[in-house]
Amino acid sequence: MTAAADSKPADFIREIVAEDLRTGKWGGRVQTRFPPEPNGYPHIGHAKSICLNFGIAREFGGKCNLRFDDSNPEKEDLEYVEAFKRDIRWLGFEWDAELYASDYFEQLYQWAERLIEEGHTYVDSQSLEEIRRGRGTLTEPGVDSPYRDRSVAENLDLFRRMRGGEFPDGAHVLRAKIDMGSKHLIMRDPIMYRIRHVPHYRQGNAWCIYPTYDWTHGQSDSLEGITHSICTLEFENNRPLYDWFLDRLGIHHPQQIEFARLAVSHMLTSKRKLLELVREGHVDGWDDPRMPTISGLRRRGYTPEALRNFCAEIGVTKYNSLTGLGVLESALREHLNKTAPRAMAVLRPLKLVIENYPEGQSEELEAINNPEDPSAGTRRVPFSRELYIEREDFLEDPPKKFFRLSPGREVRLRYAYFITCTRVVKDDAGNVVELRCTYDPATRGGDAPDGRKVKATLHWVSAPHALHAQVRLYDVLITKEDAADVEEGEDWKASLNPNSLEVVEDAKLEPSLTDAAAGSRFQFERLGYFCVDAKHSTPGRPVFNRTVTLRDSWAKIKDRGD
RNA sequence: UGCCCGGUAGUGUAACGGUAGCACGAGUGACUCUGGAUCACUUAGUCUAGGUUCAAAUCCUAGCCGGGCAACCA
C-alpha cells in the first residue's frame, strides 16, 4: 500500500477512497477519470481537478483516464484536445487511457433503444418552447407531454428515423420517462438526445443525434469501470439522474462525489469569458501570460511544482470559497526561490559614473548563482566606470527609513564595491539624469576590510556591457477581487485592468542573460522572478516576462508612510 | 416560494463527542552582501437560538446567511 493510504487522508474524497479500499467496496480497485469538455483551454480550475483525479490514482495505486466529454459538436475542437493533453503532461501527470465519450455513441444508442423497449423513455415531439413550459417552475410541478404515452413500437420507429436523419433539428427529442411532478427539476423527464445536423470534430457526419451530458457521463464512467466519479458541486443536482440511468440499465455503478470548484481572486475561470478575451483580442491568445490558463501560467513562468503545491495547499471541500491570489504567488515564490538562478537587471536605469575608476577599464566580479542552492555555482559579472542602477534606489531627499543611495551616502553594489554618491547631475527641468560617485577599491567583492557596514546593497549593470532587452511587467487581468461577481446588466469587461501589461522597452541586463533559453526562469535580484518569453524571444534577443515580484517590505513601509 | 448543498481567525483549511491546530496575510523582533530568504514571537475563529450529553465545531431541531437547479450546455 502506498504512503498516502497509510497516513491520514488529506481531504474528504481521499477519505472515502481510503475507506472503500479498507472495506473492499470495489475489490481493491481505484479508477478515476479527468473528464474535460474540449471547448476551451485548461485553466487553473482544471489544474485542481487534474491534481485531484490523477493524484488520487497515483497515491492509492489506482488508474486515471483522460476522457474527453465531447457530446456537444457545436463547441468542441481538436485544438482544445491537444491543449489538455499538453498541459496535463506539463503538470506532471500521465493518463492510463485516452478516451472519448464520442466513441461510446453507438453503445449509448443501443442502451437508449433498450430503455425505449423497457418503457423508460419516449420520443417527444413538442417544440423547445413547449418542453420548457411543460417543465413547470421551481415551485410548480410540470405537466406530462402529450407524446408521453406513445407505444414502444412508435417510439422505436421514431428514434431510429431520428438517427437516420429523417427529421430536422428540433423536431423530436428522446426523453427519460421519470416524473414531471418531481421536486427535483432534473428528474422531470430529462432530455437524452437532440437532433443536430452538424458534424462532430471526431465523428464527422456519422451522427445527427447527439446524447446530452446526463445521458453520456454516467454511462461513460460505467463503461470505464470508474469507481469514484469526482466532479464539481454544480453536478450535485444531477446525481439522482446519474444514479437513475445506471440503475435502469443495471450496469456498473460508480459513486459520484462532488467538490467545490476553484476560484482565485482576480482570476477568471469562466471558459466562456476566457474565450471572449481571446476572440476579441484583449489578450495575446490563450497562452497570454496574464491568462489563468495553464498555458498562460506556463508562459508567465509558473512551474508545475508550484501549481501542484498550490493545489495541495488549498484542499478539497464542498464550500464555495475564494482563494486569495497571494496563496498562489506564495507557492510560486517558494519554489522559484529554491530553483531560480539569480541575475542582475535594471528595469528603470539611472546612469552612475564612478569618477575615481579608471576610464576604459573593466573587470569581472564573482557572483553567486543561487544562495539557496550552493550547487548552482558562481558566475562572473563585468564591472566598469559607467553603470546603471535602479532609479528608485536613489532619492535626493530620503525619508528616515530609506536606506538606499542619496547624496553623501555610502552603499554597496552587490558583489562589487562600496560607493559613495558625490554629486547629482540634473537636466534643465531639474530631473536627476546621472549620479557621480566614488568607489573604495579596498571593498572589492563587497566587504570592507575595516569592517564598516552599509545599510543597503544595490543591484547594478555595467553600461558598456549591458544587454538591452524588453521586459514585460504584468498585473492582474481583473481588478475585481471576485472576478465572477458581476451584477446583472453590468458588463463584466468593465473590471478588465487597463494596466495589466507594461512593456519596458530598454531594460539593462547583465550580459550572461543574452543566451538564456526560452522558458528559463531567473530571479532578477531585488525585483522578482522573470522568465524568457517562449513566443516573442529570438536567439540572442530574449524578451522577459515578470512572473511575480519578490516580497517587498520597503514598498509596504513606503505605502504606509512610516 | 420547492428541492439539493454548504457556513471554523482577514483568507484558505484541520480537528470524525474529549485541550480548536496549520498555512497564507498582517504585526514585532533576530539575522542577512537581495528591505530577498531564513528564524522566533504576536494577532485573530466555531453563523444564531434551543436541545441531547459528564462533555458539542462535531449529534438533533428551528432560524439566519451563502451557493446550485426551471439549456435540446457541460
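Every chain is numbered from 1, with letters handed out A, B, ... down the list of sequences. What you are looking at is a predicted structure, and each value in this text was computed from that prediction instead of being measured.
Looking at A:E329, its side chain has no donor and acceptor atom pair within 3.5 Å of the base of B:C24. Side chain A:E372 to base B:U38: no donor-acceptor pair is found below 3.5 Å. Counting atom types as modelled, A:N320 pairs no side-chain N or O with a base atom of B:G66 as donor and acceptor under 3.5 Å.
One finds a side-chain N or O of A:S553 lying less than 4.0 angstrom from the OP1 or OP2 phosphate oxygen of B:G36. Under 4.0 angstrom from either OP1 or OP2 of B:U13 there lies at least one side-chain N or O belonging to A:S321. When the side-chain nitrogen and oxygen atoms of A:R272 are compared with OP1 and OP2 of B:C73, none of them lie within a distance under 4.0 Å. OP1 or OP2 of B:A74 lies within a sub-4.0 Å distance of a side-chain N or O belonging to A:R194. At least one side-chain nitrogen or oxygen of A:R526 sits closer than 4.0 Å to the OP1 or OP2 atom of B:G35. Note on A:R135: a side-chain N or O is less than 4.0 Å away from OP1 or OP2 of B:C72. Between B:A26 and A:K556, a contact under 4.0 Å exists linking OP1 or OP2 to a side-chain N or O. Phosphate contact (OP1/OP2 of B:A70, side-chain N/O of A:T137, threshold under 4.0 Å): absent.
Comparing B:A20 with B:U28, their C1' atoms sit 25 Å apart, to the nearest whole Å. For B:U43 and B:A23, the P atoms lie 15 Å apart once the distance is rounded to whole Å. Atom name C1', nucleotides B:U8 and B:C65: the rounded distance is 15 Å, in whole Å. To the nearest whole angstrom, the two P atoms, one in B:G2 and one in B:A9, are 29 Å apart. One C1' atom belongs to B:A57, the other to B:U13, and the distance between them is 14 Å to the nearest Å.
Distance from the side chain of A:L138 is smallest to B:A70 among B:C72, B:A70, B:C4. Distances were taken from every side-chain heavy atom of A:Y319 (C-beta onward) to each of B:C5, B:G6, B:C24; the shortest belongs to B:G6. Between B:U34, B:C72, B:U13, one nucleotide has an atom nearer to the side chain of A:L550 than all others, and that is B:U34. The A:E236 side chain lies nearest to B:C5 when the options are B:C5, B:G68, B:G36. In the set B:A74, B:G6, B:C73, the nucleotide with an atom closest to the side chain of A:K318 is B:G6. In this structure, of B:C72, B:G12, B:C3, it is B:C72 that holds the atom nearest to the side chain of A:V173. In the set B:U1, B:G35, B:C24, the nucleotide with an atom closest to the side chain of A:V327 is B:C24.
Counting any heavy atom pair closer than 4.0 Å across all strands shown, A:R404 reaches a base atom. Backbone-only contact: A:S71 has heavy atoms under 4.0 Å from sugar-phosphate atoms and none from a base. Using a 4.0 Å heavy-atom criterion, one finds that A:I368 contacts no nucleic acid atom at all. Among the protein residues, A:E525 comes within range of the nucleic acid bases, having at least one heavy atom under 4.0 Å from a base atom. Within 4.0 Å of A:F235, counting heavy atoms only, lies at least one base atom of the nucleic acid. At the heavy-atom level, A:F402 lies under 4.0 Å from base atoms of the strands shown. At the heavy-atom level, A:R333 lies nowhere under 4.0 Å from the strands shown. Residue contacts shown for A:Y415 include a base, since a base heavy atom lies under 4.0 Å away. Within 4.0 Å of A:S265, counting heavy atoms only, lies no atom of the nucleic acid at all. If you check every strand for non-hydrogen atoms under 4.0 Å, A:I314 touches sugar and phosphate atoms only. Among the protein residues, A:S182 comes within range of no part of the nucleic acid, since none of its heavy atoms lies under 4.0 Å from any strand. Residue A:D447 is classed as a base contact, given a heavy-atom separation below 4.0 Å to a base. Contact annotation for A:G170: base contact, defined as any heavy-atom pair under 4.0 Å involving a base atom. A:Q126 comes within 4.0 angstrom of a base, heavy atoms only.
Using cut-offs of 30° and 60° for the angle between ring planes, the A:F34 and A:F84 rings count as tilted.
Within 90° of 0 lies the glycosidic angle of B:A71, which makes this nucleotide syn.
Among the candidates A:R404, A:R348, A:R409, A:R414, the single residue satisfying the salt bridge (charged side-chain N to carboxylate O under 4.0 Å, His left out) test with A:D393 is A:R404. Residue A:Y193 is tested with A:F167, A:F159, A:Y213, A:Y210 for a ring pair (Phe, Tyr, Trp, His ring centres under 6.0 Å); the sole match is A:F159.
Of the residues in residues 335-345 of chain A, those with a non-hydrogen atom less than 4.0 angstrom from any atom of RNA chain B are A:N337, A:R342.
Ring-to-base geometry places A:W554 in a stacked arrangement with B:G35 (centre distance under 5.5 Å, plane angle under 30°).
Nearer the 5' end of RNA chain B, as judged by each residue's closest nucleotide, is the contact made by A:V316, out of A:V316 and A:P371.
In RNA chain B, runs of at least 3 stacked Watson-Crick or G-U pairs (N1-N3 plus N6-O4 or O6-N4, or N1-O2 plus O6-N3, all under 3.5 Å) give these stems: B:2-7 with B:64-69, B:10-13 with B:21-24, B:26-30 with B:38-42, B:47-51 with B:59-63.
Checked against a 6.0 Å centroid threshold, the rings of A:F402 and A:W554 count as neighbours.
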